[in-house]
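In what follows, every chain begins at residue 1, and chains take the letters A, B, ... in the order their sequences are listed.
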There are 2 protein chains.
Amino acid sequence: MKQGANPADLQPAINRLSALIALGDGDVESLRATSNQVFALSAGQELIKLSQVTSRSAIVLKGWLARVRQGRQGKRQILDIYVPGDIITPTPRVDPYVAGAIVALQDVALCLTPASPGDTLRDAFQLCRQMDEGRLLRQIYRLGRMTASERMYDWMIEIRDRLRIAGLAADNEFKLPVTQDLVADILGLTAVHTNRTLKDLRLSGKLTWRMGKVRIAAE
Amino acid sequence: MKQGANPADLQPAINRLSALIALGDGDVESLRATSNQVFALSAGQELIKLSQVTSRSAIVLKGWLARVRQGRQGKRQILDIYVPGDIITPTPRVDPYVAGAIVALQDVALCLTPASPGDTLRDAFQLCRQMDEGRLLRQIYRLGRMTASERMYDWMIEIRDRLRIAGLAADNEFKLPVTQDLVADILGLTAVHTNRTLKDLRLSGKLTWRMGKVRIAAE
DNA sequence: CGTCGTCTTGAAAGGTTTCAAACGGCGTGG
DNA sequence: CCACGCCGTTTGAAACCTTTCAAGACGACG
């Protein structure tokens, strides 16, 4: 919980919400008001207290987060990813193992959603929650019915589309600020195979990922 | 949409809801009132009109349903399963491919939730939705990080627990009215491997599935 | 300059799919 | 009543995909 809000940080969220529903000036204003109080998380930290303290959602201003479930034997699976502009709605009153922990993948900045949002904003947040569910379903299909390279490609497309809506990606290029290890935990693969899969996609001309930048070839 | 409600059909749902929250007499009464109008689906039929016609949820009185996503190349993945006593809350205003179709696995009987539920019932339905999400997360972990026999065993445990809460299963035995083919689509496996995995579990004494009845050995 | 985390590659082992065939139960029609 | 066909189950063998174990290369950082 620190100061240091940069109003520009809110732009991805505004872009994303505007893609769902037409926001009025008042809506943008109320978002901007809340973004003055910034919550900071450093890489690796868990977002837990938030849902204990308030039932409000959080807006990701900066940095990526992951919703992760850790099994015994060190296996871990990432359930969902949050990028700047996303709204994180904590699942209340549920065993944290069931709901999955939310951890910061880098240094992260968040702010709360307005305490009394207007109808429009409320609808927008509702739509966000529906999109959350859509991502979980997509993840299930990906893990259940796709091969390694299909999973990789499909996930890259999903991330590209999400970043693009938030205004954070050029047409087919975006910054991917995570390790291959982490991508492995998303795609249900080992880090080694993730690396090989990436090589295959590069050799077949589908996509490249170098220097933290992904470029997807024309579909 | 037919008549033929049997009040006893409502018991699984009452059991399940009571496990979440203490229901008052009025709550049970209002549930019972709605269960007079029964919606019937025959095996293979899709539950679509419901969410177009009303935003109310549906209570499963009889039969199993699956939420399924169908890929091209004939691959299909079951995202979630509904058993008697479950509450199905359709995802509104979302591309049906994204949300997944809900299909009846056998002849199914449903009724709607009350149009104006009391606070208690409203809370209970809210908790049901949270449990829905929990199941999706569990499914993601299962597909991403478990082997075939782990998936099978874990899923059987989940179904046993759910049926038990609804009052539909003895301690370690329950009716499983689906084909191996369908279980394969749940677990992200082929039908052939599902069969082999079942054999492994039987030989290692973990569980048996014969004549439509599953028996799980002591944990 | 050494260390650490990440990326990369090889070879072998393991798990899962694919293709093919056969078996069993069960309802239908001859 | 029996034969047939259909659907779901079961099994085998080979191909394929992914993991595991091991080692080396690279870059960032103290």
Side-chain angles (χ1 to χ4, degrees), chain A residues 42-44 64 66 71 73-78 105-107 141-156 175-204 206-214, chain B residues 42-44 64 66 71 73-78 105-107 141-156 175-204 206-214:
Chain A
S42 49
W64 291 35
Q73 332 123 333
K75 295 196 188 239
R76 81 174 200 162
Q77 175 66 46
I78 290 176
L105 300 178
Q106 304 109 35
D107 290 353
Y141 187 87
R142 199 154 42 209
L143 294 175
R145 290 300 182 217
M146 289 187 183
T147 65
S149 45
E150 287 168 339
R151 288 182 209 179
M152 177 77 74
Y153 189 77
D154 182 73
W155 183 74
M156 291 288 191
K175 275 192 64 186
L176 184 57
V178 297
T179 64
Q180 291 185 9
D181 229 316
L182 192 108
V183 174
D185 284 343
I186 296 166
L187 301 183
L189 303 170
T190 59
V192 171
H193 198 58
T194 296
N195 182 277
R196 286 193 235 271
T197 302
L198 234 18
K199 184 183 178 185
D200 289 348
L201 288 174
R202 189 187 332 124
L203 293 182
S204 65
K206 299 234 184 78
L207 66 81
T208 62
W209 177 14
R210 271 191 295 250
M211 310 275 125
K213 265 210 152 91
V214 173
Chain B
S42 48
W64 291 34
Q73 333 123 332
K75 295 197 188 238
R76 83 174 199 161
Q77 174 66 45
I78 290 176
L105 301 178
Q106 304 108 36
D107 289 354
Y141 187 86
R142 198 154 42 209
L143 294 175
R145 288 301 180 217
M146 290 186 182
T147 64
S149 44
E150 288 168 338
R151 287 182 210 180
M152 178 76 75
Y153 189 76
D154 182 73
W155 183 74
M156 289 289 190
K175 274 191 64 185
L176 184 57
V178 297
T179 65
Q180 292 185 9
D181 230 314
L182 191 109
V183 174
D185 284 343
I186 295 166
L187 301 183
L189 303 171
T190 59
V192 171
H193 199 59
T194 296
N195 181 277
R196 286 193 235 271
T197 302
L198 233 21
K199 184 184 178 185
D200 289 349
L201 288 175
R202 191 187 329 125
L203 293 181
S204 65
K206 299 236 184 77
L207 67 80
T208 61
W209 177 15
R210 271 190 294 250
M211 308 279 124
K213 265 209 152 95
V214 173

Would A/Arg145 and B/Asp185 pass as an ion pair if we require N to O under 4.0 Å? yes

Separation of atom [atom1] in [X] from atom [atom2] in [N], rounded to whole Å:
X	N	atom1	atom2	value
A/Leu187	D/dT18	CG	P	11 Å
B/Asp200	D/dT10	CG	C1'	13 Å
B/Leu198	D/dT11	CG	P	11 Å
B/Asp181	C/dT17	CG	P	13 Å
A/His193	C/dG14	NE2	C1'	14 Å
A/Leu176	C/dT6	CG	P	14 Å
A/Arg210	D/dC26	CZ	P	15 Å
A/Glu150	D/dC17	CD	P	11 Å

Using a cut-off of less than 4.0 Å, is there contact between a side-chain N or O of [X] and OP1 or OP2 of [N]?
X	N	result
A/Lys199	C/dT8	no
B/Asn195	D/dT9	no
B/Gln180	D/dT10	yes

Which comes earlier along DNA chain C counting from the 5' end, the contact point of B/Leu189 or that of A/Arg196, where each point is its nearest nucleotide? A/Arg196

Identify the residue among A/Ile186, A/Leu187, A/Val183 that makes a side chain to side chain contact (heavy atoms under 4.5 Å, CB included) with A/Arg151. A/Leu187

How is B/Gly212 classified with respect to the nucleic acid when contacts are heavy atoms under 4.0 Å: base, sugar-phosphate, or nothing? nothing

When all nucleic acid strands are considered with a 4.0 Å heavy-atom cut-off, which category describes B/Ala191: base, sugar-phosphate, or nothing? nothing

Could you please name the option among C/dG10, D/dT10, D/dT18 that lies closest to any side-chain atom of A/Val192? C/dG10

Can you tell me which nucleotide in D/dT19, C/dT6, C/dT17 comes closest to the side chain of B/Thr190? C/dT17

When A/Gln180 is tested against each of A/Thr197, A/Thr194, A/Asn195 for side chain to side chain donor-acceptor pair (under 3.5 Å), which residue passes? A/Asn195

Verdict with supporting geometry, B/Asp154 and B/Tyr141, side chain to side chain contact (heavy atoms under 4.5 Å, CB included): CA-CA 11 Å; B/Asp154 182 73; B/Tyr141 187 86; over 6 Å; no

Report yes if the side chains of A/Leu176 and A/Lys213 come closer than 4.5 Å at any heavy-atom pair, otherwise no. no

